[in-house]
Amino acid sequence: MSLPDSVIETSRPVRIENFSNHYRIMSADSDFRFSEEFEELKHVGRDQPCTFADLPCNRPKNRFTNILPYDHSRFKLQPVDDEEGSDYINANYVPGYNSPREFIVTQGPLHSTRDDFWRMVWESNSRAIIMLTRCVEKGREKCDHYWPYDTMPVYYGDISVQILNESRYPDWNVCEFMVCRGEQQRVVRHFHFTTWPDFGVPNPPHTLVRFVRAFRERVPPDQRPIVVHCSAGVGRSGTFICLDRILQQILVSDYVDIFGIVFAMRKERVWMVQTEQQYICIHQCLLAVLEGKDLSSST
Ligand SMILES: CNC(=O)[C@H](Cc1ccc(NS(=O)(=O)O)cc1)NC(=O)[C@H](Cc1ccc(O)cc1)NC(=O)OC(C)(C)C
């Protein structure tokens with residue numbers, strides 16, 4: 001039987017000056033204490049309803065049957081006339097360092113939901129998209145190619161998207177899109193991490209630190225919300241957000257609380273940071289930063 005969230009502690013802050021020793025203790029005996037701690041997060045948030053995701057009209061909009069957005073934190077599209085389910089997209093607001101609704105975390109769009117995805121980007125006034133999966137991995141579709149293949153503008157519903165420029169690096173690409181709806185136009189940046197295997201971690205893990213820094217060099221903390229997705233929008237997306245948060249927290253605090261951050265994220269969206277390996281990766285990234293490894297983005 002799982003304990004109610006109110007019974008298990010919701011945070012486990014660690015003094016930054018003790019973090020290296022903390023990591024050594026947690027990883028001893030084949031990561032025994034990491035396994036114990038990650039297991040305590042298993043049921044967090046799982047008692048919350050997902051009634052809109054489960055409506056017959058919305059079921060086809062979910063990429064996976066077991067990854068459904070909680071009602072209380074879901075992003076609502078502006079309804080279209082009286083079309084049932086027209087406000088639905090598989091996406092939740094998730095807290096970041098700078099705001100309780102800093103991120104909108106979503107699944108990799110399906111071909112049939114990519115117009116909804118662009119409506120969400122537009123209606124949320126988001127100016128940055130973080131993509132953490134390839135469109136196809138090991139022969140399986142993980143995400144629709146929801147943006148143009150060349151510089152010709154493409155319409156997704158009543159929203160047009162045109163690639164303005166693209167920079168390619170070994171582990172990620174950065175694009176600027178011109179996004180237009182009616183007479184209005186906006187620049188939206190697209191940060192696409194291309195070498196993160198599903199259910200796994202980047203190799204080496206601290207490549208993720210460089211990616212987060214490349215993103216933050218271009219997107220200041222007051223620019224929000226930020227749309228983040230992978231394939232299901234839980235494992236890699238949660239890992240990215242947690243690292244983004246702790247890299248800002250350590251600049252102003254003597255403590256870091258990775259357990260507490262994951263706890264808080266899982267109250268808003270299921271399985272944020274999906275695997276124990278991803279949970280440990282976050283700790284390894286922080287260790288590399290604290291040990292002074294040069295992890296500038298070099299982009
Ligand atoms: C372990 N895999 C899964 O749970 C994936 C969803 C998923 C989660 C996380 C990630 N990684 S990511 O968040 O980093 O993209 C990818 C896919 N789900 C499916 O494949 C589910 C099956 C499933 C697996 C595990 C479970 O406990 C319940 C149901 N399958 C499924 O939804 O089948 C369709 C696509 C044909 C509708």
Side-chain angles (χ1 to χ4, degrees), residues 2 35 38-39 41-48 50 52-70 73-75 88-94 96 103-114 117 120 129-146 171-172 190-203 205 207-208 211-212 215 226-245 258 261-262 265-282 284-285:
S2 63
S35 301
F38 189 66
E39 184 68 17
L41 292 160
K42 188 173 183 178
H43 301 290
V44 173
R46 305 291 279 136
D47 56 338
Q48 300 175 114
C50 306
F52 294 90
D54 232 355
L55 291 174
C57 63
N58 290 332
R59 274 189 212 136
K61 302 173 186 176
N62 300 315
R63 181 174 284 276
F64 298 104
T65 55
N66 63 320
I67 307 296
L68 303 179
Y70 296 131
S73 55
R74 77 184 180 101
F75 181 85
Y88 179 80
I89 185 168
N90 189 310
N92 296 96
Y93 283 105
V94 169
F103 297 97
I104 296 173
V105 183
T106 189
Q107 65 183 22
L110 296 159
H111 193 72
S112 60
T113 64
R114 65 187 189 174
F117 174 83
M120 177 172 74
I129 299 168
I130 309 288
M131 176 173 178
L132 302 167
T133 184
R134 286 196 304 278
C135 290
V136 178
E137 293 177 1
K138 296 180 181 173
R140 291 191 171 193
E141 195 221 67
K142 298 283 183 169
C143 181
D144 182 64
H145 195 287
Y146 57 82
D171 294 290
W172 60 82
H190 190 251
F191 300 83
H192 184 189
F193 195 103
T194 55
T195 59
W196 191 342
D198 204 353
F199 310 112
V201 295
N203 180 27
T207 310
L208 187 55
F211 177 67
V212 171
F215 152 66
I226 296 154
V227 173
V228 181
H229 77 84
C230 35
S231 181
V234 295
R236 291 169 284 186
S237 295
T239 305
F240 169 88
I241 292 172
C242 187
L243 185 60
D244 177 63
R245 197 162 165 176
I258 296 170
I261 290 169
V262 178
M265 289 197 295
R266 285 193 171 199
K267 296 287 278 185
E268 310 306 319
R269 186 167 171 89
V270 66
W271 282 11
M272 294 293 280
V273 185
Q274 186 199 15
T275 70
E276 184 184 309
Q277 196 190 14
Q278 290 167 346
Y279 190 68
I280 294 171
C281 168
I282 296 164
Q284 292 170 332
C285 288

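Numbering of ligands and ligand atoms starts at 1, following listing order.
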Atom 37 (C) of ligand 1 protein-contacted, heavy-atom criterion under 4.0 angstrom: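 Yes, there is a protein heavy atom closer to it than 4.0 Å.
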Atom 27 (O) of ligand 1 protein-contacted (non-hydrogen atom, under 4.0 angstrom): yes
Any side-chain heavy atom of [X] within less than 4.5 Å of one from [Y]?
X	Y	result
His192	Phe211	no
Tyr88	Pro69	yes
Asn92	Val105	no

Is there any N or O on [X] that sits under 3.5 Å from an N or O of ligand 1?
X	result
Arg63	no
Ala232	yes
Ile67	no
Gln278	no
Val234	yes

Ring-face cation contact, Phe193 with Arg236, 6.0 Å cut, 45° max: no
Look at ligand 1 and say whether [X] reaches it with a heavy atom at a distance under 4.0 Å.
X	value
Lys142	no
Trp196	no
Thr133	no

Output the list of atoms in ligand 1 that are nearer than 4.0 Å to some heavy atom of [X], sorted by atom number.
X	value
Gly233	13 (O)
Gln274	1 (C), 8 (C), 9 (C), 10 (C), 11 (N)
Gly235	12 (S), 13 (O), 14 (O)
Ser231	15 (O)
Cys230	12 (S), 13 (O), 14 (O), 15 (O)

Qualifying residue for ring-ring contact (aromatic ring centres under 6.0 Å, His included) with Phe75, from Tyr93, Phe103, Tyr70: Tyr93
Phe215 ring center near Phe240 ring center (under 6.0 Å):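 Yes, they do, as the ring centres are separated by less than 6.0 Å.
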Geometric class of the Tyr146/His190 ring pair [parallel <30°, tilted 30-60°, perpendicular >60°]: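 Answer is perpendicular, since the angle exceeds 60°.
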Parallel, tilted or perpendicular, as decided by the 30° and 60° cut-offs, for the rings of Phe117 and His229: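 Ring orientation, 0 to 90° scale: perpendicular.
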Side chain, backbone, both or neither: Asn66 near ligand 1, heavy atoms under 4.0 Å: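 For Asn66, only side-chain atoms sit under 4.0 Å from ligand 1.
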Nearest neighbour in protein (non-hydrogen) for atom 20 (O) of ligand 1: Phe64 CD2, 3.8 Å
